Structure formats: C-alpha cells, structure tokens
Engineer: 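If you scroll down you'll find the structure; I have some questions about it.
These numbers come from a predicted model, not from an experiment. Here is the naming used below: chain letters follow the sequence lines, and residue numbers restart at 1 for every chain.
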Amino acid sequence: MLRMSTLFLRTLRDDPADAEVASHRLLVRAGYVRRIAAGIYSWLPLGYITLRNIERVIREEMDGAGFQEVHFPALLPVDAYEQTNRVAEYGPNLFKLKDRKGGDYLLAPTHEEMFTLMVKSEYSSYKDLPLSIYQIQTKYRDEARPRSGIIRGREFVMKDSYSFDLTDEGLDESYNKHRDAYIKTFDRLGMRYNIVKAMSGAMGGSRSEEFLAPCPTGEDTYVLCEKCGYAANVEAMVTIVPEVGTKVIPALQVIDTPNTPTIDSLVTVLNERFGGGYTGADTLKNVLLVADKKNIAVLVPGDREVDIKRLQANLPGVEDIRLFEDADFAKNPGLVKGYVGPQDAKKFGLTVYADPRIALGTGWISGANKKDCHAINVVNGRDFEVDAYIESAEVRAGDACPDCGTPVVIDRAIEIGHIFQLGRKYAEALNLTVLDSDGKSRVVTMGSYGIGVSRAVAAIAEQTHDGIGLCWPAEIAPAKVHIVATGKDENPFNVAENIAVELEKLGLSVMLDDRRDASPGVKFKDAELIGIPIIVVVGKALAEGNVEVRIRRTGERLDVRLADAAGEIAKLIS
RNA sequence: CGGGGCGUAGCGUAGUGGCUAGCGCGCCUGCUUUGGGAGCAGGAGACCGGAGGUUCGAAUCCUCUCGCCCCGACCA
C-alpha cells in the first residue's frame, strides 16, 4: 500500500519552466520524474512503479510468445561495434569512454551486436533455430537535441528483441509472432496506435513497420487511409503513377519569362501571357542537391517541395544530403539558379531523380537553363531522361492512397515500437552461421523488434491526460485505487484504512491519502494530478453510510454503501 | 551544428548601476481551520549558473565560459 503520509513525493503547484509538452509537465508536477541533465531523468516512486508496470506487461507478452529474456551490459567494449561499422554510423551520437588502461568502451545505444555474438558463441546448428530473445535495458544515445522530456532522452529504457532463423520464411514467421505480441502488449497498455509501413532505413532488410501512438506532440508524421486502413510513415508513403494522356505534345519551345526565379512568379507570368489556367502543378521544379559529394537533380511538381527526409530514406547508402548553395552554383555556371531544367542534365553531369508523378510521357514547363527563360512542352523521355524514380516530394493530406485511391489524412505520432527484418547484415558482419541439414554452413537471418519503454510512459501520458492531470489506464497506473480520507476525526481515516486493506485482499493495489495535515482541496487536486483511475473519497458521505467513488477519466461520481464498498470498487475495475 | 530564448531559495518569479535581493507556492514552529490547492503569527532557506573585467559601488554593464528550453539540421 502506498501511503501519502510517508510516500516520497512532492507535487508541484506550478508547471516547471523547462517543460513544454504535457507529459513532461505533468510527470514532473505529479512527482513521477525529475530532470538531472538534458534528456536524463530520475524516476521517483510513482514514476518507477508506472515504468515497471509497463515492463511487466511487456515481459508477460514476450514470455507468453515464447521469447526468452536475457540481459546484456550497457557498458561495452567498442570492438564488436567497430566490426559492424556502427561506431562510424552512430558517430557523435555514441557515448564513448575509456577505462583506466585507456581501453575504448561505449554505452550501448542498441544491442544487435551483443545478441548476434551471444547466439554465435552458443549455437551452431539449424536445429537450435528459430530463436527469439529479448532484454529490457537502458540505452544511451548522445542525441544532438534531446527534447520533449521523457519522449526523447539521451538515456532511455528500451525492450529489444531479436529473432534468429535459418530461412526467409522462418524470419517471416518470427516477425509475425512479434507483431502479434506487440499488438497484445499495446492493447493492454491502453494506447491508441497505428501500425504503419516504415522504411527499414540504413539497417537494410525488407519488412518494416512502426507502432505509432497518434499525438500532436509526436515527432513522426504518417499518412492514414480512413477507408482501407493503409498507413505509412511519410517516408514510406507510395505515390500513384498518373495515367499519361495520348495527346501528342508539341515540340519543346523556349520562351522569355523575365524575373521568374520562383514557381509563383513563373505561374503569374504564364497566366498573364497565356490567359490563365496555369498552376504550380504544371511546372517542373528542379531541385539541385549534393548527395555524398555528387550533384543530383530531383524533379517534383512545381507546387510541391522536396522532402529531404523522404529523399534520403529512398536513396539507401547516401549519408549526407544538402541543398545546392551559392558556391555550388558558382562551380556549375551552366546551372542558373531559378531557371534550371532537366534537359541538359547529362551535360552537367547530374544524376536525375524524379517523383513518380513526373511519369514518362508527361509534359512540363521547366527552366531553360538560361536566365529569365523557361521551356514549355518539356516531355519526359523525349526532352529529358530520368535516371531513377524515387519518392522525394512532400506528402500532403489528401494525396491518393496507393491501395484504394482515397484521399489520405496526415497525423503526427510518437514512435513506440518498431519491428523490422534485419536480414543477414549483422550475421554476415559477425559471421553468425549454423550448419544446415546438409552439413553446409549457412548465414542466419535476423529480425529486430524494439519498444520504447520509458517513452511509452510519456506517450500514454500524452494520450490520456486532461486539463487537470494525468489519467492512467488501470493496467499501468501506480495503483488501481486512490483512497482519500477527509475530515478531522479518526473515523474516516479508519474507514479508509479498512477499505484499503480489503481492496488489497482482493488483489487491487491501493494508494491511501492518510495525511492529517493536508486539506481536502489539496488531496483532491493531488489525486487528480497523479491520475489513478478510481478515486474513493471517505468523508461526508459517511453520514449516510456511503463512500464516494469517482472515475478519474469521466469525472463521474457515485455513492456506494460502505458495507460493500470494496466489492463494488473491484467490480468497477474489472 | 545554425537560429531564438532563458539561468535569482526546492518550484514559479520581481528586481536595467545604489544601501539589508523582494514576492507567491512549498518547508519549519504555534494557534485556528478541514469537501476543492485554508487563516493568522513567527521562522529557516539564495556563493543572483561560473570566471574574469569596468566601477567608489555590479544580480544589473563588458568579455569569456557552463548549463537549460524551443525551432531547424540530426535521430535503431
């Protein structure tokens, strides 16, 4: 039983000045966490209980699916991470340190290497597979910018699992088992979430899905088709290739378009000259970028921006992308800022990437590679060539769903889980092989499955809080019932104590506000801030032989006969 | 790393060269109060982020530095 009279807790009346998002503000105010440094937090009793409740649910579901828990050190020698090139990949995001002998260590940002090496050192036969093991561990990433309190820290708790299979079919099966276990887990945690197609990113691999908890403070943007259920991270959103008309487009013609370095100014001039009807979508935007020191052109419809994140996600292997700067234009005098067209790309040594909307045979208005001049009737395949079609244009609400064509909606979310098929990258790098039934050595294929445990505390707080405080789902609340005793004589305190004991006998955890020196108002405010789902007030209603039961989420209040209070409360929870 | 903002008691804050750094919450003591963050009285608590400088005098001005928050870049 948690007794408020002795609980290590101090709630704050004012919002902390350094907290912006709701979860951060309320978790600090309600005494769940305290900041130690940027992105590094201490967990106080209420917060730690909540965190462990989430861990418990995760463990139950992982164990239930037949996965086994292990525990690796957070402090590791760098060797293995060098073999897989992770030290370079993580770069400054890696917390590095030296031991007294000068040996290089790191605080692990993730543990693929350890899992792989562990399996390698223990197993060597296909008969040992499939295998899925997991851990719940503190991870360290020296983020360039920690933000939003617990949501994005430099130290955080993560559950990570890895599956090991001989075949691709086996990997699919392991992946699906994890997917099912995640669905059960997040359902129990009382979260709203979408399972969304994602890019597997630099890790390689094929299938990849994210579990996203919709919430305005989230950092991820995703699209959702409300008709067919298609959901994808914007990076993974697929664009429908438009039908190309059969009309013959006249020959390319260069026209004078003075002072039209922007799409808007160009459209204005076109409409003046040709009597209207032109929009940005008729023009071709040629965005020049430098990708790992190579010049590239990205073609998108003029009414859209290039989404550099999407572009990068769809250009695997490219590490650094930036827009052309004045210095780059100076080095390439044929490329006229504001008047670039793809017609002479070869001549300029540009690799041309195009949004799928720039389909073969479509005609456009583009820059003429000459100051104050544009070209009309510029046809893809006739007047210019595209080296590759890739998703690179910004995604907008209302874009067509690739599965059913319905306009999609766009929403923001917090990434709380990510499952993906790693394939053989780590197994190859670390030489994890087993003998198959023919006695031949085969590289194992792996899957990787993460849940942000500490982040889930914040995500749930974001999704469930209201104007007066936190509001936990029963499964993870620091207690199931919060009993408030009010009044100045002994009786309500004794009654509250008795109900608490009875509830605990029924298996329900209880927080008891047995403070003698706090006024009722303070106790109510604290109870609402702390966010335990059922609040029982023992006080005035005693005169009629009742206690008052309040549902935190709905604000609903009902009187319950004292005699069967515990039983009634227990019913409310189940 | 670029842009912006901020560092004064546990928390929220006032204080733009002047004398003992002010207020609210919280904390301690006493009395009163007890269904919506109680009242009165008394009290403790601040190297004004740090270093250096200007000045008769610096929380206040200057330089450097450290930290924190927000936007962007970045982010298994």
Engineer: Name all pairs fulfilling the salt bridge (charged side-chain N to carboxylate O under 4.0 Å, His left out) condition that reach into residues 539-548 of chain A, sequence neighbours left out, sorted by first residue then second.
Structural biologist: A:Glu548-A:Arg550, A:Glu548-A:Arg557

Engineer: If you count the non-hydrogen atoms of other residues, nucleotides and ligands that lie under 6.0 Å from OH in A:Tyr90, is the total more than 12?
Structural biologist: yes

Engineer: Rounded to whole Å, please give me the gap between CD in A:Glu548 and C1' in B:G35.
Structural biologist: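 Roughly 8 Å, once rounded to whole Å.
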
Engineer: Contact between A:Lys197 and A:Tyr222 at the side-chain level, heavy atoms closer than 4.5 Å - yes or no?
Structural biologist: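 No, their side chains stay 4.5 Å or more apart.
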
Engineer: Using the C1' atoms only, state how far B:A9 lies from B:G15, rounded to an integer number of Å.
Structural biologist: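 Pairwise C1' distance, B:G15 against B:A9, rounds to 15 Å.
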
Engineer: If you measure from the P atom in B:C6 to the same atom in B:C47, how many Å do you get, rounded?
Structural biologist: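 Result for the P pair: 22 Å, nearest Å.
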
Engineer: Could you check how far CD1 of A:Ile40 sits from C1' of B:G67, rounded to whole Å?
Structural biologist: 13 Å

Engineer: Under the salt bridge (charged side-chain N to carboxylate O under 4.0 Å, His left out) rule, what pairs show up with a residue in residues 18-31 of chain A, not counting sequence neighbours?
Structural biologist: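 Listed once each, the pairs are A:Asp15-A:Arg25, A:Asp15-A:Arg29, A:Asp18-A:Arg35.
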
Engineer: Using a cutoff of under 3.5 Å, can you pull out all pairs of nitrogen or oxygen atoms linking the protein to nucleotides 28-34 of chain B, with atom names and distances?
Structural biologist:
| residue | atom | partner | partner atom | Å |
| --- | --- | --- | --- | --- |
| B:U34 | OP2 | A:Lys488 | NZ | 2.6 |

Engineer: Give the residues of residues 537-547 of chain A touching RNA chain B, defined as any heavy atom closer than 4.0 Å, sorted by residue number.
Structural biologist: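 A:Val537, A:Gly539, A:Lys540, A:Ala541 - these, ordered by number, are the residues of the stretch whose heavy atoms sit under 4.0 Å from the strand.
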
Engineer: Applying a 4.0 Å non-hydrogen cut-off, can you work out what A:Arg557 is touching in the nucleic acid: base, sugar-phosphate, or nothing?
Structural biologist: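 Since a base atom lies under 4.0 Å of A:Arg557, the category is base.
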
Engineer: Please report the C-alpha distance between A:Val537 and A:Phe524 in whole Å, then the side-chain angles of each, then the deciding distance to 0.1 Å, and finally whether the side chain to side chain contact (heavy atoms under 4.5 Å, CB included) criterion is met.
Structural biologist: CA-CA 9 Å; A:Val537 181; A:Phe524 296 152; 3.8 Å; yes

Engineer: Taking the six-membered ring of A:Phe493 (Phe, Tyr or Trp), confirm whether the NZ or CZ of A:Arg516 is under 6.0 Å from its centre and within 45° of its axis.
Structural biologist: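 The answer is yes; both the distance and angle limits are met.
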
Engineer: To the nearest Å, how far apart are A:Asp513 CG and B:G36 C1'?
Structural biologist: 13 Å

Engineer: How are the rings of A:Phe115 and A:Tyr162 set relative to one another: parallel (under 30°), tilted (30 to 60°) or perpendicular (over 60°)?
Structural biologist: tilted

Engineer: Mind checking the CD-OG spacing from A:Gln421 to A:Ser208? Nearest 0.5 Å is all I need.
Structural biologist: 9.0 Å

Engineer: When you compare the protein's N or O atoms with those of nucleotides 46-48 of chain B, which come within less than 3.5 Å of each other, and at what distance?
Structural biologist:
none

Engineer: Suppose the criterion is ring pair (Phe, Tyr, Trp, His ring centres under 6.0 Å): which pairs have a residue in residues 15-40 of chain A, not counting sequence neighbours?
Structural biologist: A:His24-A:Tyr41, A:Tyr32-A:Trp472

Engineer: Rounded to the nearest angstrom, tell me the gap between atom CG in A:Leu9 and atom C1' in B:G26.
Structural biologist: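 Distance check: A:Leu9 CG to B:G26 C1' gives 13 Å.
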
Engineer: Roughly how many Å is it from CD1 in A:Ile308 to P in B:G72, rounded to a whole number?
Structural biologist: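 That distance rounds to 14 Å.
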
Engineer: Determine whether more than 12 heavy atoms belonging to other residues, nucleotides or ligands lie under 6.0 Å from atom CD of A:Glu173.
Structural biologist: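 At most 12 heavy atoms, drawn from other residues, nucleotides or ligands, come within 6.0 Å of this atom.
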
Engineer: Within the sub-3.5 Å range, which N or O atoms of nucleotides 6-13 of chain B have a protein N or O partner, and how far apart are they?
Structural biologist:
| residue | atom | partner | partner atom | Å |
| --- | --- | --- | --- | --- |
| B:G12 | OP1 | A:Ala17 | N | 2.8 |

Engineer: Taking C-beta and beyond as the side chain, do A:Ile321 and A:Leu315 meet within less than 4.5 Å on heavy atoms?
Structural biologist: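 Yes. Closest side-chain heavy atoms under 4.5 Å.
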
Engineer: In whole Å, what is the span from the CZ atom of A:Arg515 to the P atom of B:A38?
Structural biologist: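 After rounding, the reported distance stands at 11 Å.
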
Engineer: Could you go through A:Leu97 and A:Leu75, starting from their C-alpha distance and side-chain angles, then the distance that decides it, and tell me whether this counts as side chain to side chain contact (heavy atoms under 4.5 Å, CB included)?
Structural biologist: CA-CA 9 Å; A:Leu97 58 156; A:Leu75 176 64; 4.1 Å; yes

Engineer: The side chain of A:Glu20 is closest to which nucleotide in this list: B:C69, B:G72, B:G35?
Structural biologist: B:C69

Engineer: Using a cut-off of 4.0 Å on non-hydrogen atoms, how would the nucleic acid contact of A:Arg29 be classed: base, sugar-phosphate, or nothing?
Structural biologist: base

Engineer: Can you sort out the partners of A:Tyr81 under side chain to side chain donor-acceptor pair (under 3.5 Å), two or more places apart, ordered by chain and number?
Structural biologist: none

Engineer: Would you compute the distance between atom CD of A:Gln312 and atom CD1 of A:Ile390 and round it to the nearest 0.5 angstrom?
Structural biologist: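 Spacing of CD (A:Gln312) from CD1 (A:Ile390) equals 10.5 Å.
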
Engineer: Both A:Arg154 and A:Ile321 contact RNA chain B. Which one's nearest nucleotide lies toward the 5' end?
Structural biologist: A:Arg154

Engineer: Establish, yes or no, whether a centroid distance under 6.0 Å links the rings of A:Phe67 and A:His178.
Structural biologist: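 Ring-ring flag for A:Phe67/A:His178: true, centres closer than 6.0 Å.
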
Engineer: Provide, to the nearest angstrom, the distance between the CZ atom belonging to A:Arg147 and the P atom belonging to B:C70.
Structural biologist: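 These atoms are roughly 8 Å apart.
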
Engineer: For RNA chain B, just give me the dot-bracket, please: Watson-Crick or G-U, both distances below 3.5 Å, ( ) intra-strand, [ ] crossing earlier pairs, | paired with another strand, . unpaired.
Structural biologist: ((((((((.[[[[.)..(...]]]].((((((.....)))))).....[[[[[..)....]]]]])))))))....

Engineer: Show your reasoning for whether side-chain hydrogen bond (donor to acceptor under 3.5 Å, both in side chains) applies to A:Gln135 and A:His111.
Structural biologist: CA-CA 9 Å; A:Gln135 71 168 341; A:His111 281 82; 3.1 Å; yes

Engineer: Whole-Å distance between B:A73 P and A:Leu311 CG?
Structural biologist: 14 Å

Engineer: Heavy atoms only, 4.0 Å cut-off, all strands: where does A:Thr84 land among base, sugar-phosphate and nothing?
Structural biologist: nothing

Engineer: Does A:Val234 reach the side chain of A:Val223, with side-chain heavy atoms less than 4.5 Å apart?
Structural biologist: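 Of all side-chain heavy-atom pairs linking A:Val223 with A:Val234, at least one is under 4.5 Å.
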
Engineer: Between A:Tyr426 and A:Thr84, do the side chains contain a donor N or O and an acceptor N or O under 3.5 Å apart?
Structural biologist: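 Side-chain D/A pair, A:Thr84 to A:Tyr426: absent.
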
Engineer: For A:Thr11, report the nucleic acid contact type (base, sugar-phosphate, nothing); a contact means any heavy atom under 4.0 Å.
Structural biologist: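 The residue A:Thr11 makes base contact.
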
Engineer: Sorted by first residue and then second, give each salt bridge (charged side-chain N to carboxylate O under 4.0 Å, His left out) pair with at least one member in residues 444-453 of chain A; sequence neighbours left out.
Structural biologist: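 Listed by first then second residue: nothing to list.
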
Engineer: Starting at the 5' end of RNA chain B, which residue's closest nucleotide do you reach first, A:Ile451 or A:Pro146?
Structural biologist: A:Pro146

Engineer: Over all strands shown, is A:Ala38 touching base, sugar-phosphate only, or nothing at heavy-atom distances under 4.0 angstrom?
Structural biologist: sugar-phosphate

Engineer: Return the NE2 to OG distance between A:His465 and A:Ser23, rounded to the nearest 0.5 Å.
Structural biologist: 8.5 Å

Engineer: Base, sugar-phosphate, or nothing: which does A:Arg145 touch, judged by heavy atoms less than 4.0 Å apart?
Structural biologist: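 Result for A:Arg145 = base.
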
Engineer: Between residues 521-535 of chain A and RNA chain B, which residues have a heavy-atom gap below 4.0 Å?
Structural biologist: A:Gly521, A:Val522, A:Phe524, A:Lys525, A:Asp526, A:Glu528

Engineer: Are A:Leu46 and A:Leu44 close enough, and set up right, to give a side chain to side chain contact (heavy atoms under 4.5 Å, CB included), and what steps lead you there?
Structural biologist: CA-CA 6 Å; A:Leu46 290 183; A:Leu44 277 55; over 6 Å; no

Engineer: Counting the atoms with a prime plus P, OP1 and OP2 as sugar-phosphate, which does A:Ala37 contact under 4.0 Å by heavy atoms, base, sugar-phosphate, or nothing?
Structural biologist: sugar-phosphate

Engineer: Pull out every residue in residues 132-139 of chain A that has a heavy atom closer than 4.0 Å to any atom of RNA chain B, ordered by number, or say none.
Structural biologist: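 Listed by number, there are none.
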
Engineer: What do you reckon, is NZ of A:Lys184 surrounded by more than 12 foreign heavy atoms closer than 6.0 Å?
Structural biologist: no

Engineer: When the C1' atoms of B:A21 and B:U60 are compared, how many Å lie between them, rounded to an integer?
Structural biologist: 11 Å

Engineer: State, with a plain yes or no, whether a side-chain heavy atom of A:Glu394 is found less than 4.5 Å away from one of A:Arg310.
Structural biologist: no

